[in-house]
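Per chain, numbering begins at 1; letters A, B, ... match sequence-line order. The analysis underlying the following values was restricted to heavy atoms, covering all of them including side chains, and did not include hydrogens, waters or symmetry mates.
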Amino acid sequence: MSEQNKPTNFIRQIIEADLASGKHEKIHTRFPPEPNGYLHIGHAKSIVLNFGIAEDYGGECNLRFDDTNPHKEDVEYVEAIKEDVRWLGYQWSGLYYASDYFEQLYQFAVELIEKGLAYVCDLTPEQVREYRGTLTEPGRESPYRNRSVEENLDLFRRMRAGEFPDGSRTLRAKIDMASPNMNLRDPTLYRIRRGAIHHQTGDEWCIYPMYDFTHPISDALEGITHSLCTLEFEDHRPLYDWVLDHVSAPCHPRQIEFARLNLEYTVMSKRKLTQLVEEGHVEGWDDPRMPTIAGLRRRGYTPASIRDFCNRIGVTKVDGTVEMGVLEASIREDLDRTAPRRMAVLDPLKVVITNYPEGKVETLEAPNHPKDDAMGSRQLKLTREIYIDRADFRESANKKYKRLVLGGEVRLRNAYTIICDEAVKNDQGEVVELRCHYDPETLGRNPEGRKVRGVIHWVSASEGVEAEVRLYDRLFRVPNPAAEDAPLGELLNPDSLKVVQAVVEPALADAAPGERFQFEREGYFCRDAVEAEQGRLVFNRVVTLRDSWAKVEKKGG
RNA sequence: UGGGGUGUCGCCAAGUGGUUAAGGCACCGGACUUUGACUCCGGCAUCGCAGGUUCGAAUCCUGCCACCCCAGCCA
């Protein structure tokens, strides 16, 4: 897989330069999710970047939960996130929580107060907003801005002691209310959250530090060398640096921003993903149509394919949108190499092979992979009655159609050729059964004097096994749902899931949960692990095969 | 109308004054084929616009234009 090709990007170039110049001997990165939701493919980009750099430069990467807002967070998410990171194939050097640093953070805040660089402000949230000014007008200084160090120290201590109600006071940095950068207009450092039970620290604290104060210090305490985050934090970098410049932190990591991932035909924001789940448009966070790691996993994506995808799309500061085709190409490339082949008929049409003895069951050997003998083979069962896919028969067609037509001949994959003699119809004129005869001389060799161009898949009617197959497609009908005005629910692709009752070859009956196959001529499928717990045989379509016939057909083939 | 960013093929993305402007995905031809798959061969851009500097510019300068982000006691 193209995964071996070492990625290069502007961040890696910075790191290589820092290593070459001796600025750093060892690189230390971190992946810092807030445990307030499930990870998605956009997080995978960050994970592959951070852990990939640590791997490639002999450094380390921490997993750190940015848990400074107890209102939104939960242990359920920390466990899910750990599982997802591991599943993607990474092992963190250190597992930390920003909440591990609450006491140290408090002391650093005290240090700022003592330096006259932070103050307790009694403005209400509404007043703070008014005082902040606008994008084009400077803000005004808070009337509490010049309290004495002693008073600030006292008030901050009492904030911690729980003496003041939520929203009544904050600790603010004293920077510049006229700064063109809004983040520098005396940003909030601490707020009061009295009733909150934090998932790690319980009720030990009733004041909580803000991201802008917590993040640089957490990075510094862990000895992070390069703090990689997304573009929307570019404006926060001056504040990140201000904090570290004014506090006695052990080091000063460098924040570097890159563009977050946008993928066509899906959404990535936590709010919208939550909406999909809560409004019942999908069955849950692990619905195979979701761009979550859990969803992709259940769909049948491999960790390697996701890593490969992340390396293919690169890392830059350009705010772009990647086509689904790239993700699909990654999983196809992986599964083409690794998935055993099987036959499954998704839209069964019965075929009676009239010259095949009734009751006979012939065992045929079929390779698991056309190009990899090491993958072995499995047994097929041929009988007088079989199923083929409806789409593989037409009463008549032009020469571009290579499948079965009335009077025509086609090869049954891994078996004999058959010639169609009759199409039996019901009262509505629909074809309900085909009567064909086979050529016993064509097993493993071509018939004399004629060329059979088509090959179709099939399954024995009596030996085949019934299975539910879920055909997934893109969740939305528009490339960029987030940019539309209409409610999310109206932008969904009505065909994002089609459930069919299929007949699959016997070997598929004991597929392991999560096991992946190529259903020949159809696509890649994976046995649904959740349904497997109930003993149900359900397959999810990971992705279709590339289909050049569909293009020919569309053009009038 | 303030500040911070970004503009190279349909999509992603190399490129860091002298290269025929990498590569991947997609697309279009063709070969092969017991998967209309895979594989293979071939095709596919003058770099947002306009000026300027230079023997030479996607790369430097100037001026425009377009798009993204910022006014949470969210991250």
Side-chain angles (χ1 to χ4, degrees), chain A residues 2 5 8-9 13 32-34 36 66-69 71-72 121 123-125 128-130 132-139 166-172 179-185 187-193 207-208 210-212 214-215 229-238 257 259 264 270 311-330 332-333 336-337 341 343 366 369-371 400-403 410-415 417 442 444-446 452-457 518-523 544-553 557:
Chain A
S2 33
N5 306 327
T8 175
N9 56 55
Q13 288 174 1
E34 181 185 18
N36 69 342
D66 224 330
D67 57 347
T68 57
N69 187 351
H71 282 351
K72 295 184 163 185
C121 180
L123 256 24
T124 64
V128 169
R129 198 185 321 125
E130 287 163 24
R132 186 156 29 230
T134 68
L135 294 177
T136 52
E137 306 157 31
D166 288 12
S168 61
R169 289 182 222 264
T170 56
L171 182 73
R172 294 227 258 164
S179 172
N181 182 343
M182 301 295 285
N183 297 115
L184 264 20
R185 321 248 263 225
T188 301
L189 266 22
Y190 270 87
R191 76 288 213 182
I192 302 171
R193 291 266 186 280
I207 55 172
Y208 289 90
M210 299 286 288
Y211 165 87
D212 283 312
T214 308
H215 211 86
C229 63
T230 43
L231 248 30
E232 67 271 26
F233 291 104
E234 245 166 346
D235 287 343
H236 294 241
R237 191 180 347 122
E257 311 85 11
E264 282 191 343
K270 203 156 298 183
N311 287 138
R312 286 185 191 214
I313 60 175
V315 177
T316 67
K317 295 174 77 103
V318 181
D319 180 30
T321 302
V322 177
E323 291 176 344
M324 270 293 179
V326 183
L327 218 208
E328 294 175 345
S330 291
R332 283 193 187 111
E333 184 178 311
D336 175 54
R337 230 181 55 247
R341 311 287 120 127
M343 292 197 286
H369 195 287
K371 293 187 176 175
K400 281 185 186 166
Y401 187 80
K402 302 200 306 193
R403 287 114 98 145
V410 79
R411 170 169 299 277
L412 295 179
R413 174 75 165 153
N414 296 124
T417 67
T442 56
R445 60 168 182 262
N446 289 322
V452 178
R453 292 217 303 149
V455 180
I456 64 175
H457 58 283
Q518 181 194 99
F519 288 178
E520 289 192 281
R521 304 209 308 129
E522 293 288 355
T544 62
L545 253 29
R546 280 183 66 227
D547 187 2
S548 56
W549 165 244
K551 289 166 198 160
V552 175
E553 206 177 16

What nucleic acid atoms does [X] come within less than 4.0 Å of, heavy atoms only: base, sugar-phosphate, or nothing?
{"X": "A/Glu264", "value": "nothing"}
{"X": "A/Ser179", "value": "nothing"}
{"X": "A/Gly320", "value": "sugar-phosphate"}
{"X": "A/His215", "value": "nothing"}
{"X": "A/Thr134", "value": "base"}
{"X": "A/Leu184", "value": "nothing"}

Inset, instruction - Verify the contact: side-chain N or O of A/Arg132 to OP1 or OP2 of B/G72, cut-off strictly under 4.0 Å; return yes or no. - result: yes
Selection from [options] that lies nearest to any side-chain heavy atom of [X]:
{"X": "A/Arg332", "options": "B/C73, B/C25, B/A26", "value": "B/A26"}
{"X": "A/Ile313", "options": "B/C25, B/C12, B/U6", "value": "B/C12"}
{"X": "A/Tyr401", "options": "B/G36, B/C25, B/U1", "value": "B/G36"}
{"X": "A/Ser548", "options": "B/A13, B/A26, B/G36", "value": "B/G36"}
{"X": "A/Lys371", "options": "B/C27, B/C38, B/C73", "value": "B/C38"}
{"X": "A/Glu520", "options": "B/U35, B/C70, B/C68", "value": "B/U35"}
{"X": "A/Arg129", "options": "B/C27, B/G72, B/U35", "value": "B/G72"}

Between the base of [N] and the side chain of [X], is there a donor-acceptor distance below 3.5 Å?
{"X": "A/Asp547", "N": "B/G36", "result": "no"}
{"X": "A/Glu323", "N": "B/G10", "result": "yes"}
{"X": "A/Gln518", "N": "B/U35", "result": "yes"}
{"X": "A/Arg403", "N": "B/G36", "result": "yes"}

Inset, instruction - Please tell me if the side chains of A/Asp67 and A/Glu34 come closer than 4.5 Å, counting only heavy atoms from C-beta onward. - result: no
Legend entry - A/Phe519 and A/Met343, any side-chain heavy atoms less than 4.5 Å apart: no
Inset, instruction - Hey, which sits more toward the 5' end of RNA chain B by its nearest nucleotide, A/Leu135 or A/Lys402? - result: A/Leu135
Inset, instruction - Let me know, please, whether A/Gly325 or A/Asn9 comes out on the 5' side of the other along RNA chain B by nearest nucleotide. - result: A/Asn9
Legend entry - Under 5.5 Å and under 30°: A/Trp549 stacked on B/G36: yes
Legend entry - Separation between the P atoms of B/U6 and B/G48, rounded to whole Å: 14 Å
Inset, instruction - Please check if any side-chain donor atom of A/Ser330 sits under 3.5 Å from a side-chain acceptor atom of A/Arg312, or the reverse. - result: yes
Legend entry - Charged N-O contact under 4.0 Å between A/Glu257 and A/Arg237: yes
